[in-house]
Q: 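After the structure tokens below, expect a handful of questions from me.
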Amino acid sequence: MLLRMSTLFLRTLREDPADAEVPSHRLLVRAGYVRRVAPGIYSWLPLGKIVLENVARIVREEMDRMGAQEVLFPALLPREYYEKTGRWTEYGDTLFRLKDRKKADYLLGPTHEELFTDMVKGEYSSYKDYPVTLYQIQTKYRDEARPRAGILRGREFVMKDSYSFDLDDDGLKRSYEQHRDAYIKIFDRLGMNYKIVFAMSGAMGGSASEEFLAPTPTGEDTFVHCRDCGYAANAEAFVTPAPPAYTGERAAQQVLDTPDTPTIETLVDFVNANHGLGITAADTLKNLVVKVTTPGSDTAETLIIGIPGDREVDFKRLEAALAPGEPAIFEADDFARHPGLVRGYIGPQILADLGIRYLVDPRVVSGTEWVTGANEPGKHAAHVVAGRDFTPDGTIEAAEVRAGDPCPVCGQPLIIDRGIEIGHIFQLGRKYADAAELDALGPDGKPIRITMGSYGVGVSRAVAVIAEQRHDELGLVWPREVAPADVHVVGTGKENQIEVATRIAEELEAAGLRVLLDDRSSASPGVKFKDSELLGIPTVLIVGRGLSQGLAELRDRVGGAREEIPLAEAASRVLAAVQAESA
RNA sequence: CGGGAUGUAGCGCAGUUUGGCAGCGCGCUUCGUUCGGGACGAAGAGGCCGGAGGUUCAAAUCCUCUCAUCCCGACCA
């Protein structure tokens, strides 16, 4: 491959585009890789297209290597497939919907579980056919409420999704592990910095699930990890370690007058000042009322959640814990319907009598004592002991996770970071197989319900994440396998530099390298250097002022090293540099 | 959906307060010079000032409505 910049469809920008904030967006636009068409929708210019294809190629190679087979489904899908699994309604506004000329409903696929399941059902019917894993690399469409950060989070994006079909749970585990291994290879080859974290499978159903997160400050997922034992989980999947139960004696419950103390802060100050209690917010138990609706049901359950007063509720964690139920905040008119619940002064002592389910933070173990509401306006109770004065119906992960919280595995303080999801693997189970009645006929003549795994890689997102992780103040710095070329040959000067540069570029191309050649006659050296740095091809060879002394300059865009080398050796030195890295 | 900001040439922006010829930089075209850090000179091309309505002798500028985009939040494989 030899790309000549004299004719390449490329225009770099000297200034940052006004609508770009994050580095990947800024640089991909400035370097002429992508252009915005509409919010969250981008076009890929020639160099960007090459990078995108390189990522897709790496993904494809590793998927093929693990034995998955590639198919391609349409992006435009009829409603009926999504009707069967209930997702036509469940997906809500995020689904791009459209009608054909006959007014029939269609959608642009946000993901393709239904199609994969249906395809397998149509072709395979014997247990002898299984297991099988299929994948596709397809453009997906999601009408996100707020697309942002350029390519990082668009409404149209390229994703690899694969699905494994197994006869039993052991088979599913094997398929899952194979994907895990393949993903490690993929993200390593992509030159990414990433972490594998425990995740919730959420509303999709299923059990084991892990996310591949690329830590970046612009990330939108919060995750915790432990430097000592390697435990890592996203915030939704973090499991709070419970302290040991307390079995000693506790003082008797005591009701306190606490006028005008609807918040934890006012309560703590008041009881310390007026009742001589030296407590902190962590000694209080705050009780949050939510109503939980289950999809397909009209009635909402009233649920109370008790968490230590020094912590906020993390709504994402709460939702994940209640999925597929959907929590909503208790409003004033909800309180009006429950006269037993005194807003701001709710305590768990009476909940069993009211018949309201009560779930607590895992830190609220038997024998712990709390300052909490006394279920009367202006009154709280102290020495309220779990297991004695109230008995929770269970625990729930609803409290925020904080840096320094103990690791659930080894107890060391946890670190909190932000990351972007670049891959997700999970054991789906039988949700979609059930919906499609996907069975294999077993050796005993009885049907076996298939169990599935679902695995995704954000291909276009990966391009942005690499840009996010690999750039400097001058521009992009692509890993070699992803870069639009192996080497950027730059000819500067008014003598015959460009001719010589062209000759060397052709020689390198003949040797099998992918070459970008700056043979523009009008651009000044400064422009060519700036463009070279912006574009971020890992190896740069400059044929310029040194030509008269028979010298060229070899630059390493990654490490920044520069070296004058004899022109005669230029091609072989470039080859050596490229091969050293590929090895 | 809530909060904030912005819409003026391909890109980045000034001009709006206080109404009076549509501007600057980059890019683009032509000629000449220059050629290792986004060169210089000269001459050019390029605009429905987001849209609609209103006020006024006169509107990019003031008023009303509207559309769009970006950022933060909510939401999100």
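Order of the sequence lines sets the chain letters (A, B, ...), proteins ahead of strands, with each chain counted from 1. Please read all numbers here as calculations on a predicted model, not as lab measurements.
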Q: Take nucleotides 26-34 of chain B nucleotide by nucleotide from the 5' end and write B, S or -, depending on whether a protein heavy atom sits under 4.0 Å from the base, only from the sugar-phosphate, or from neither.
A: SS-------
Q: Specify the separation, in whole Å, of atom CD of A/Glu312 and atom P of B/rA74.
A: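 In whole Å, B/rA74 P lies 13 Å from A/Glu312 CD.
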Q: Identify, with sequence neighbours excluded, every residue that meets ring-ring contact (aromatic ring centres under 6.0 Å, His included) alongside A/Tyr141.
A: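 By the ring-ring contact (aromatic ring centres under 6.0 Å, His included) rule, A/Tyr141 matches no residue at all.
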Q: In whole Å, measure the gap between the C1' atoms of B/rC13 and B/rA5 for me.
A: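 Per the computed distance, 16 Å lies between those C1' atoms.
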Q: For A/Ser524, check side chain to side chain contact (heavy atoms under 4.5 Å, CB included) against everything at least two apart and list the hits.
A: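 Testing A/Ser524 for side chain to side chain contact (heavy atoms under 4.5 Å, CB included), a comparison that skips the adjacent residues, returns A/Val527.
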Q: Looking across every strand, which nucleic acid part, if any, lies under 4.0 Å from A/Thr94 by heavy atom: base, sugar-phosphate, or nothing?
A: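 No contact.
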Q: Considering every strand and a 4.0 Å limit on heavy-atom distances, what is the contact class for A/Glu421: base, sugar-phosphate, or nothing?
A: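 Counting heavy atoms under 4.0 Å across all strands, the contact made by A/Glu421 is with sugar-phosphate only.
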Q: CZ of A/Arg35 versus C1' of B/rC11: gap in Å, rounded?
A: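 In whole Å, B/rC11 C1' lies 9 Å from A/Arg35 CZ.
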Q: Of the nucleotides B/rG12, B/rU69, B/rG37, which one has an atom closest to the side chain of A/Arg562?
A: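 Comparing B/rG12, B/rU69, B/rG37 against the side chain of A/Arg562, the answer is B/rG37.
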Q: Given that both distances must come in under 3.5 Å, which nucleotide forms a Watson-Crick or G-U wobble pair with B/rA68?
A: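 Here B/rA68 is engaged in a pair, and the nucleotide opposite it is B/rU6.
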Q: Work out how far the C1' atom of B/rG15 is from that of B/rC49, and round it to whole angstrom.
A: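 So the two C1' atoms sit 10 Å from each other.
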Q: Send over the distance from A/Arg555 CZ to B/rG36 P, rounded to a whole Å.
A: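 For the pair A/Arg555 CZ and B/rG36 P, the rounded distance is 12 Å.
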Q: Say we look at B/rA68 and B/rG51: how far apart would their C1' atoms be, to the nearest angstrom?
A: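 Taking atom C1' in both B/rA68 and B/rG51, they lie 10 Å apart.
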Q: Salt bridge (Lys or Arg N to Asp or Glu O under 4.0 Å): which pairs involve residues 489-505 of chain A, sequence neighbours left out?
A: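 Residue pairs with at least one partner in residues 489-505 of chain A: there are none.
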Q: How do A/Met159 and A/Thr492 order along RNA chain B: which one's closest nucleotide is nearer the 5' end?
A: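 Result of the comparison: A/Thr492.
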Q: What residues, two or more places apart in sequence or in another chain, satisfy side chain to side chain contact (heavy atoms under 4.5 Å, CB included) together with A/Glu312?
A: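 Residues passing side chain to side chain contact (heavy atoms under 4.5 Å, CB included) with A/Glu312: A/Lys286, A/Glu400.
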Q: Which nucleotide wins on minimum distance to the side chain of A/Arg146, given the candidates B/rC72, B/rG38, B/rG37?
A: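 Comparing B/rC72, B/rG38, B/rG37 against the side chain of A/Arg146, the answer is B/rC72.
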Q: Both distances below 3.5 Å, Watson-Crick or wobble geometry, any strand: find the nucleotide opposite B/rG12.
A: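 Paired with B/rG12, as far as the under-3.5 Å criterion goes, is B/rC24.
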Q: Have a look at A/Arg155 and say if it touches a base, only the backbone sugar-phosphate, or nothing, with a 4.0 Å heavy-atom cut-off.
A: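 Touches nothing.
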Q: When the C1' atoms of B/rG23 and B/rA60 are considered, how many whole Å apart are they?
A: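 To the nearest whole Å, 12 Å.
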Q: Hey, which sits more toward the 5' end of RNA chain B by its nearest nucleotide, A/Ala18 or A/Ala552?
A: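 Counting from the 5' end, the first nearest nucleotide belongs to A/Ala18.
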Q: Considering only NZ, NE, NH1 and NH2 on the basic side and carboxylate oxygens on the acidic side, decide whether A/Glu563 and A/Arg573 come within less than 4.0 Å.
A: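 Yes, this pair counts.
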Q: Of the nucleotides B/rC75, B/rG37, B/rC13, which has the atom closest to the A/Glu533 side chain?
A: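 That would be B/rG37.
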Q: Is there any ring-ring contact (aromatic ring centres under 6.0 Å, His included) pair reaching into residues 146-165 of chain A, and which pairs are they, with sequence neighbours excluded?
A: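 Listed once each, the pairs are A/Phe116-A/Tyr163.
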Q: Rounded to whole angstrom units, what separation is found between the NZ atom of A/Lys530 and the C1' atom of B/rG36?
A: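 One finds 12 Å between C1' of B/rG36 and NZ of A/Lys530, rounded.
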Q: Please measure how far the P atom in B/rG50 lies from the corresponding atom in B/rA59, and state the result in whole Å.
A: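 To the nearest whole Å, 15 Å.
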Q: Could you list by number each residue of residues 543-551 of chain A showing a heavy-atom separation from RNA chain B of less than 4.0 Å, or answer none if no residue does?
A: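 The stretch gives A/Gly544, A/Arg545 as the residues lying under 4.0 Å from the strand, ordered by number.
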Q: Scan A/Ala38 against the nucleic acid and name what it touches under 4.0 Å (heavy atoms): base, sugar-phosphate only, or nothing.
A: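 No contact at all - A/Ala38 keeps every heavy atom at 4.0 Å or more from the nucleic acid.
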Q: Which base sits across from B/rC75 as a Watson-Crick or G-U pair, both distances under 3.5 Å?
A: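 Here B/rC75 is not engaged in any pair, so there is no nucleotide opposite it.
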Q: Which of residues 516-526 of chain A sit near RNA chain B, with a heavy atom under 4.0 Å from it?
A: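 Under 4.0 Å from RNA chain B: A/Ser524, A/Pro525, A/Gly526.
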Q: Evaluate salt bridge (Lys or Arg N to Asp or Glu O under 4.0 Å) for A/Arg557 paired with A/Asp472, printing each intermediate quantity in order.
A: CA-CA 10 Å; A/Arg557 179 71 180 93; A/Asp472 58 21; 2.8 Å; yes
Q: Quantified in whole Å, what is the P atom distance between nucleotide B/rC21 and nucleotide B/rU64?
A: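 Nearest-Å result for B/rC21 against B/rU64 at atom P: 25 Å.
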Q: Rounded to the nearest angstrom, tell me the gap between atom CD in A/Glu21 and atom C1' in B/rC71.
A: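 Rounded to the whole Å, the gap is 6 Å.
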Q: Any salt bridge linking A/Arg57 with A/Glu53? Criterion: basic side-chain nitrogen under 4.0 Å from a carboxylate oxygen.
A: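 No, no charged N to carboxylate O under 4.0 Å.
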Q: Using the ring-ring contact (aromatic ring centres under 6.0 Å, His included) criterion, which residues pair with A/His112? Sequence neighbours excluded.
A: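 None.
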Q: Strictly by Watson-Crick or wobble contacts shorter than 3.5 Å, is anything paired with B/rA58, and which nucleotide is it?
A: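 Answer to the pairing question: none, since B/rA58 forms no Watson-Crick or G-U pair.
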Q: Which of these nucleotides, B/rU69, B/rC13, B/rG37, is closest to any side-chain atom of A/Phe529?
A: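 Nearest nucleotide to the side chain: B/rG37.
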Q: What pairs with A/Glu70 under salt bridge (charged side-chain N to carboxylate O under 4.0 Å, His left out), at least two apart in sequence or on another chain?
A: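 If we apply the salt bridge (charged side-chain N to carboxylate O under 4.0 Å, His left out) test to A/Glu70, skipping adjacent residues, the hits are A/Arg60.
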Q: Please name all residues satisfying ring-ring contact (aromatic ring centres under 6.0 Å, His included) with A/His488, sequence neighbours left out, ordered by chain then number.
A: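 For A/His488 there are no ring-ring contact (aromatic ring centres under 6.0 Å, His included) partners, ignoring immediate neighbours.
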Q: Under a 3.5 Å cut-off for both contacts, is B/rC48 paired Watson-Crick or G-U wobble with anything, and if yes, with which nucleotide?
A: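 Checking every strand shown, B/rC48 finds no partner, since no pair has both distances under 3.5 Å.
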Q: Return the value, rounded to whole Å, for the distance between atom CZ of A/Arg148 and atom P of B/rG3.
A: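 The distance from CZ of A/Arg148 to P of B/rG3 comes to 17 Å, rounded to the nearest Å.
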Q: Which residues pass the side chain to side chain contact (heavy atoms under 4.5 Å, CB included) test with A/Glu80, sequence neighbours left out?
A: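 By the side chain to side chain contact (heavy atoms under 4.5 Å, CB included) rule, A/Glu80 matches A/Pro78.
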Q: Salt bridge check, A/Arg555 against A/Glu533: does any charged N sit closer than 4.0 Å to a carboxylate O?
A: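 A salt bridge is present here (some side-chain N lies under 4.0 Å from a carboxylate O).
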Q: Got a donor-acceptor contact below 3.5 angstrom from the A/Tyr33 side chain to the A/Leu535 backbone?
A: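 Yes: the side chain of A/Tyr33 pairs with the backbone of A/Leu535.
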Q: Please state the C1' separation for the pair B/rU56 and B/rC63 - nearest whole angstrom.
A: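 Approximately 12 Å lies between the C1' atom of B/rU56 and that of B/rC63.
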Q: How would you label the contact of A/Phe157 with the nucleic acid (heavy atoms, under 4.0 Å): base, sugar-phosphate, or nothing?
A: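 If one applies the 4.0 Å heavy-atom cut-off, A/Phe157 turns out to touch a base.
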Q: Look through every strand shown and name the nucleotide pairing with B/rA42 as Watson-Crick or G-U wobble, where both distances are under 3.5 Å.
A: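 With both distances under 3.5 Å, B/rA42 matches B/rU30.
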Q: Starting from P on B/rC70, measure out to NE2 on A/His25 and report it in whole angstrom.
A: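 Atom NE2 in A/His25 sits about 8 Å away from atom P in B/rC70.
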Q: Using a cut-off of 4.0 Å on non-hydrogen atoms, how would the nucleic acid contact of A/Asp16 be classed: base, sugar-phosphate, or nothing?
A: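 Contact class for A/Asp16: sugar-phosphate only.
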